[in-house]
Amino acid sequence: MVTNHLLEITQYGQSIWIDNLTRDIIQSGELKDLVENQGISGITSNPAIFEKAIAGNVIYDADIEAGVRAGLPIQTIYESLVFADIRNACDILRPVYEASNRLDGYVSMEVPPSIAEDTEATIAEARRYFQEIGRENLMIKIPGTEAGLPAVEQAIVDGINVNITLLFSVESYINTAWTYIRGLEKRVAQGKDISRISSVASFFLSRIDSNIDGKIDAKLKKGVDDIAVEARLRAVKGKVAIANAKIAYQEYKKIIRSERWQALVAKGATVQRLLWASTSTKDPNYRDVMYIEELIGRDTVNTVPPATIKACADHCNVSDRLETDVDKAYTLIENLKDPDINIDLDAVMDELLVEGIDKFIQPFQSLMNSLEEKIKVLSPV
């Protein structure tokens, strides 16, 4: 019998979610099979995923046409399509949610990326989405920005599950973790139950290496006189994201040992797990499953796109590596400051956050444009 290495990973205390949601995989039974037989225990989605799912796909046309005939505005039509897919996915994952005592079985949906810098609008949309979709295993995705974190805190106070997304720096993760804790503490102060609230902190990977590798390649292209310096530069390539994630996990361990967190555990709190995101390898020179293999560890989630899921099921080398070479990780990050390497990691993280929001705004707008075109075609003459 062929070994599915995804199932091996769960033995190390890590959950595998799929970074994809389309109506096709719901209606075909593919999602049900992934959940029941392939070890998939959650779903993440984003505007880019929905753009690919809806644009140019006739499977949505009947519902779009129904919306047109009802005279619904384009935003309402969009939400009717997406909300239906989210509800159906939540229902497929409901048995996982119950069997895992609400640790897994979640479907994440993002608030509109256009409001990422508007705290009050984000709070309002998180509340509306959670209420209208009406599934307790829904997670609302909110960016971990300066404007987003207060919205996260309020959503937790309101009893909404939250996936805090677009985290790149270790500092941003730490801020996110304490935001979750503050939200739970406020809810406790109001005399409300905290045992049914869950959260993940989505820590991005491949985009970091793509950015830093590009900077290193630019330095090498200019020419480096010293062979030793050239070797040091090349040694950094493809290593920063994993080192950064390993350091974030060490911070996670410190936080869950804190008195404040333990006080919440005593009241039934569920731990906020680190979720590894952006896990497809962008550089063909790197192993296609390296962002999975190198970060397998307890109390974490890895959300994986379909092609990488297949690759990992086939040839992942499964081992508990998240806490190996941690000292080397700290050294690598520290060495970025060396004058010979001279990469400002904080500046890279700021740049990636801005780019990340833009990468969700653009497909969201593109989807709206595609829907507008479909509405014109499907509108009754």
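With rounding to the nearest 0.5 angstrom, the SG atom of Cys312 is 8.0 Å from the CG atom of Asn302. Atom CZ of Arg128 is separated from atom CD1 of Ile133 by 9.0 Å, given to the nearest 0.5 angstrom. Taken to the nearest 0.5 Å, the NZ atom of Lys337 stands 9.0 Å off from the CG atom of Leu345. Annotation: the span from Ser198 atom OG to Ile160 atom CD1 amounts to 13.5 Å, rounded to 0.5 Å. Atom CG of Asn161 and atom CD1 of Ile156 lie 7.0 Å apart (nearest 0.5 Å). Going from atom CZ of Arg23 over to atom CG of Leu81 covers 6.0 Å, rounded to the nearest 0.5 Å.
Atom CD of Glu351 has more than 12 heavy atoms from other residues, nucleotides or ligands within 6.0 Å. For Glu355, the CD atom sits in a packed shell: over 12 heavy atoms of surrounding residues, nucleotides or ligands are nearer than 6.0 Å. By the 6.0 Å contact criterion, NZ on Lys186 is open, its count of non-hydrogen atoms from other residues, nucleotides or ligands being 12 or less. Surrounding CD of Gln131 are at most 12 heavy atoms belonging to other residues, nucleotides or ligands under 6.0 Å away. When the shell of 6.0 Å around CD of Glu259 is examined, it contains 12 or fewer heavy atoms from other residues, nucleotides or ligands.
Nearest heavy-atom pair, Ser206 versus Ser278, reported as atom, atom and distance to 0.1 Å: OG-OG, 2.6 Å. Of all the heavy atoms in Ile142 and Ala155, the pair that sits closest is CD1-CB, 4.5 Å. Between Arg207 and Leu352, the shortest heavy-atom contact is O-CD2, 3.6 Å.
For Lys237, the side chain to side chain donor-acceptor pair (under 3.5 Å) criterion is met by Asp217, not counting sequence neighbours.
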Practice prompt. Report the C-alpha separation of Lys374 and Glu65 in whole Å, then their side-chain angles, then the decisive distance to 0.1 Å, and conclude whether the salt bridge (charged side-chain N to carboxylate O under 4.0 Å, His left out) test is met.
Written response: CA-CA 9 Å; Lys374 275 201 172 193; Glu65 190 170 1; over 6 Å; no

Worksheet item: Where do Ser280 and Thr308 land on the side chain to side chain donor-acceptor pair (under 3.5 Å) test, with the steps shown first?
Response: CA-CA 6 Å; Ser280 61; Thr308 312; 5.1 Å; no

Worksheet item: Could you go step by step and tell me if Leu353 and Met349 meet the side chain to side chain contact (heavy atoms under 4.5 Å, CB included) rule?
Response: CA-CA 6 Å; Leu353 180 57; Met349 300 310 190; over 6 Å; no

Worksheet item: Are Thr179 and Arg182 close enough, and set up right, to give a side chain to side chain donor-acceptor pair (under 3.5 Å), and what steps lead you there?
Response: CA-CA 5 Å; Thr179 296; Arg182 284 195 303 274; 3.2 Å; yes

Discussion item. As a quick check of understanding, evaluate side chain to side chain contact (heavy atoms under 4.5 Å, CB included) for Tyr291 and Val304, giving each step before the final call.
Written reply: CA-CA 9 Å; Tyr291 295 117; Val304 187; over 6 Å; no

Worksheet entry | Evaluation steps, side chain to side chain donor-acceptor pair (under 3.5 Å), between Ser108 and Lys141 | CA-CA 6 Å; Ser108 293; Lys141 285 178 82 173; over 6 Å; no

Discussion item. Could you walk me through whether Val271 and Tyr252 satisfy the side chain to side chain contact (heavy atoms under 4.5 Å, CB included) test, starting with their C-alpha distance in whole Å, then the side-chain angles of each, then the deciding distance to 0.1 Å, before giving a yes or no?
Written reply: CA-CA 10 Å; Val271 70; Tyr252 157 81; 3.5 Å; yes

Discussion item. Could you go through Tyr78 and Phe364, starting from their C-alpha distance and side-chain angles, then the distance that decides it, and tell me whether this counts as ring-ring contact (aromatic ring centres under 6.0 Å, His included)?
Written reply: CA-CA 10 Å; Tyr78 158 74; Phe364 183 76; 5.5 Å; yes

Discussion item. Pair Leu332, Lys328 - check side chain to side chain contact (heavy atoms under 4.5 Å, CB included), show working.
Written reply: CA-CA 6 Å; Leu332 178 76; Lys328 289 181 181 178; over 6 Å; no

Item to complete: Show your working on side chain to side chain donor-acceptor pair (under 3.5 Å) between Tyr330 and Asn335 and close with a plain yes or no.
Response: CA-CA 9 Å; Tyr330 281 103; Asn335 285 348; over 6 Å; no

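Thr281 is not listed as a side-chain neighbour of Arg287, based on a closest heavy-atom distance of 4.5 Å or more. Taking the side chain as every heavy atom from C-beta outward, Leu184 and Lys267 never approach each other to under 4.5 Å. Between Asp288 and His315 the shortest side-chain heavy-atom distance falls below 4.5 Å. Taking the side chain as every heavy atom from C-beta outward, Thr22 and Asn20 approach each other to under 4.5 Å. In this structure the side chain of Ile26 reaches within 4.5 angstrom of the side chain of Leu21, judged on heavy atoms. Side chains of Phe204 and Leu167 form no contact here, defined as non-hydrogen atoms less than 4.5 Å apart. Within the 4.5 Å cutoff, the side chain of Asn175 has heavy atoms near those of the Leu149 side chain.
Put simply, Val318 and Val289 are part of two different groups of oily side chains (I, L, V, M, F, W, Y) that touch within less than 4.5 Å, one to the next. Hydrophobic clustering (ILVMFWY, side-chain heavy atoms < 4.5 Å, transitive): Leu7 and Val35 are in distinct clusters. Linking Ile, Leu, Val, Met, Phe, Trp and Tyr residues whenever their side-chain heavy atoms come within less than 4.5 Å leaves Phe130 and Val157 in two separate clusters. Note on Ile247: it clusters hydrophobically with Val236, by side-chain heavy-atom contacts below 4.5 Å among ILVMFWY residues.
Using modelled atom types, one finds no donor on one side chain facing an acceptor on the other under 3.5 Å when comparing Tyr173 with Asn244. Glu51 and Gln362 are not linked by any side-chain donor-acceptor pair at a separation below 3.5 angstrom, with hydrogens and angles left out of the test. Side-chain contact of Glu373 with Asn369: a donor-acceptor pair under 3.5 Å is absent, judged by distance alone.
A centroid separation of 6.0 Å or more is found between the aromatic rings of Phe50 and Phe360. Ring pair Tyr129/Phe83: centre-to-centre distance below 6.0 Å.
A salt bridge is defined here as a Lys NZ or Arg NE, NH1 or NH2 lying under 4.0 Å from an Asp or Glu carboxylate O, and Asp299 with Arg273 fails to meet this definition. With respect to Lys282 and Asp209, no salt bridge is recorded, no charged nitrogen being found less than 4.0 Å from a carboxylate O. Residues Glu136 and Arg102 are not paired through a salt bridge, judged by the lack of any N-O separation under 4.0 Å between the basic side chain and the carboxylate.
Exactly one residue among Leu93, Thr44, Ile92 makes a side-chain contact (heavy atoms from CB on, under 4.5 Å) with Val107. That residue is Leu93. No option in Ser202, Ser199, Ser45 other than Ser202 meets the side-chain hydrogen bond (donor to acceptor under 3.5 Å, both in side chains) test with Asn163.
Side-chain contacts under 4.5 Å among hydrophobic residues (ILVMFWY), followed directly or transitively, place Tyr106 together with Trp17, Tyr97, Met139, Val200, Leu275, Val301.
Side chain of Asp104 to backbone of Ser15: no donor-acceptor contact under 3.5 angstrom is found. A donor-acceptor distance shorter than 3.5 angstrom exists from the side chain of Glu293 to the backbone of Asn317, with no hydrogens or angles considered. Using modelled atom types, one side-chain atom of Gln14 and one backbone atom of Leu295 make a donor-acceptor pair closer than 3.5 Å.
Between Tyr180 and Trp261, the ring-plane angle classifies as tilted under the 30° and 60° cut-offs.
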